Each structure stands twice: as structure tokens, then as C-alpha cells.
Undergrad: 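Structure incoming, see below.
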Amino acid sequence: MKNRIKVERAEINITQQQLAEAVGVSRQTIVAIEKNHFLPSTPLALKISRFFGKPVESIFILEETD
Amino acid sequence: MKIFLFPHCFRQIGWIVLLPTLLLGILLLCGTLSVSGILETFLNDTAIIGIALGSIFVSCSRERIEDEMTSAIRLKALLTSLYTYVVFLIIWTLAVNGIAYIYIMAASLVMLPLMFVVRFRYEMHKYNKEKSDEEQD
């Protein structure tokens, strides 16, 4: 599964740390999610999407191999 | 699903308990420390309980920021340790016989918690070293 978190962060100019604090996780978790090393849970994915004010499907994209 | 974890401060307590009792256990197992009678029983019990408790405190204390990724790392470390322990158990059982097997079994009492500590702390060290490929002020 791919995600557009890095792009969305760049659009509103916030750091990984700020996003992490906003959704209640560590910065390393955000780094791991951006690098596709870790799949967030449904609540976390929804929190991230709500933070950016966009639908979850526009932030997290299901791939053919998933 | 709520999982019980000790408060963060228990990690330091765990290291303070684990390291000396681990050293004591190694000395007793190798025969470097020769004792007998009630003292032997007391030291053996202290080593086993200390290593077990210390390992649990070190591995099952909350991290500074406890989130779903640290939970996933903890579970992965536990699973990996369990697989490794079973593989070693089978190898020891097949390869070692006689009195030596008793020493191995004595050590294996605390082998799983120790493997868990090593694996989990190693994974958390890698996790904490995770650097962003870009920094913003």
C-alpha cells in the first residue's frame, strides 16, 4: 500500500514531528509509514486523513499486490 | 484490545535487577561460584527469579511514546524469540546428552525472556535510529 503523507505534509508545510504530535504517535512511526515500512491501523489512518482534511482513500492507495 | 505494560520507570529497574542476577547466574552455572546448602538454593533462586523479572521489566515497560508501532515491534520480537528458542531447544535436545543436558536445561529456564530482551531492545534501537531523509525547521 502506498501513501501520499509526504506530499500532503509538503503542501501544508509541516514536519513529521508536528504530524506525529497531532495524531498521537512518535516521529519514527510517521517516518516508517512514509517509507512503507509500517502499515498504520484503521484508526491511525483515519486520524491522519482527518488531519489533512481529505478522504482516507486519497492519502492511502491500495496496490494490486495488496 | 488492552495489553498491560509496566510504567516506563520499570525499564531502569529491570536493568538494575537483570544485569547482576544474569552475572550471578552465569557464575553459578559455570561453577565459578562454588556454594552449597541453603546458600546455593538461595543464590540459584535469586538468579532465576531476578533474570526472569528483570527481563520482563525491561521488555514489557511502556516506551516514552508507546504507540501501535512499538506494540507491533514488541510482538514481532516475542514471536522471533519464541521461534529461535524452539529451534535451539530442538538442537540442544538432539546434540547434547548426559549431565551437560541438565546444565543446558537449567539455562533454558530463562533463555526465552533473555532472547526477548535482546531482540526487542535491538529492534527498538533500530527504530529509534530511524532518520528522516529530509528535515524541516
Side-chain angles (χ1 to χ4, degrees), chain A, chain B residues 1-15 18 55-84 113 115-137:
Chain A
M1 189 167 74
K2 295 189 295 185
N3 64 77
R4 300 182 67 252
I5 294 175
K6 199 168 179 177
V7 172
E8 297 293 337
R9 278 199 305 111
E11 282 181 9
I12 61 172
N13 194 28
I14 63 158
T15 63
Q16 291 167 330
Q17 182 64 40
Q18 287 170 319
L19 176 58
E21 285 170 10
V23 299
V25 296
S26 65
R27 186 185 69 84
Q28 289 89 339
T29 300
I30 298 297
V31 171
I33 294 172
E34 286 184 359
K35 289 184 176 178
N36 294 315
H37 290 170
F38 178 69
L39 271 178
S41 66
T42 305
L44 181 56
L46 287 168
K47 280 184 191 175
I48 293 171
S49 305
R50 182 183 292 180
F51 176 81
F52 289 120
K54 294 189 176 177
V56 69
E57 295 87 356
S58 69
I59 309 283
F60 298 95
I61 300 120
L62 214 53
E63 293 178 294
E64 287 299 319
T65 50
D66 289 324
Chain B
M1 185 168 56
K2 283 279 185 186
I3 294 173
F4 173 77
L5 292 172
F6 295 100
H8 180 67
C9 59
F10 272 67
R11 197 165 102 194
Q12 269 199 331
I13 296 169
W15 284 119
L18 176 62
S55 303
I56 284 296
F57 286 163
V58 168
S59 311
C60 300
S61 301
R62 299 182 70 83
E63 296 297 308
R64 280 193 210 282
I65 303 175
E66 181 75 27
D67 59 14
E68 58 190 62
M69 185 154 178
T70 54
S71 296
I73 290 171
R74 189 177 280 109
L75 179 63
K76 182 187 167 192
L78 185 60
L79 221 52
T80 310
S81 308
L82 181 60
Y83 293 153
T84 308
M115 284 180 180
F116 181 34
V117 166
V118 170
R119 184 71 200 192
F120 178 60
R121 293 311 337 160
Y122 169 69
E123 293 290 339
M124 285 306 299
H125 174 74
K126 282 195 329 183
Y127 169 74
N128 288 325
K129 283 276 185 193
E130 193 79 49
K131 291 281 184 222
S132 169
D133 57 6
E134 42 91 7
E135 295 290 333
Q136 290 185 24
D137 293 324

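A, B, ... follow the sequence lines: proteins, then strands. Residue 1 opens every chain. Computation of the quantities below employed the complete heavy-atom set of this structure, encompassing side-chain atoms and omitting hydrogens, waters and symmetry-equivalent molecules. Note that the structure is predicted; figures quoted are calculated from it, not measured.
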Undergrad: Atom CD1 in A:I30, atom CG in B:D67: separation rounded to 0.5 Å?
TA: 8.5 Å

Undergrad: How long is the span from the OG atom in A:S26 to the CZ atom in B:R64, to the nearest 0.5 Å?
TA: 13.0 Å

Undergrad: Taking C-beta and beyond as the side chain, do B:N128 and A:Q28 meet within less than 4.5 Å on heavy atoms?
TA: yes

Undergrad: I'd like to know whether CD of B:Q12 has more than 12 heavy-atom contacts from other residues, nucleotides or ligands below 6.0 angstrom.
TA: no

Undergrad: Does A:K54 NZ have over 12 foreign heavy atoms under 6.0 Å away?
TA: yes

Undergrad: Do the side chains of B:E68 and A:P40 get nearer than 4.5 Å, heavy atoms only?
TA: yes

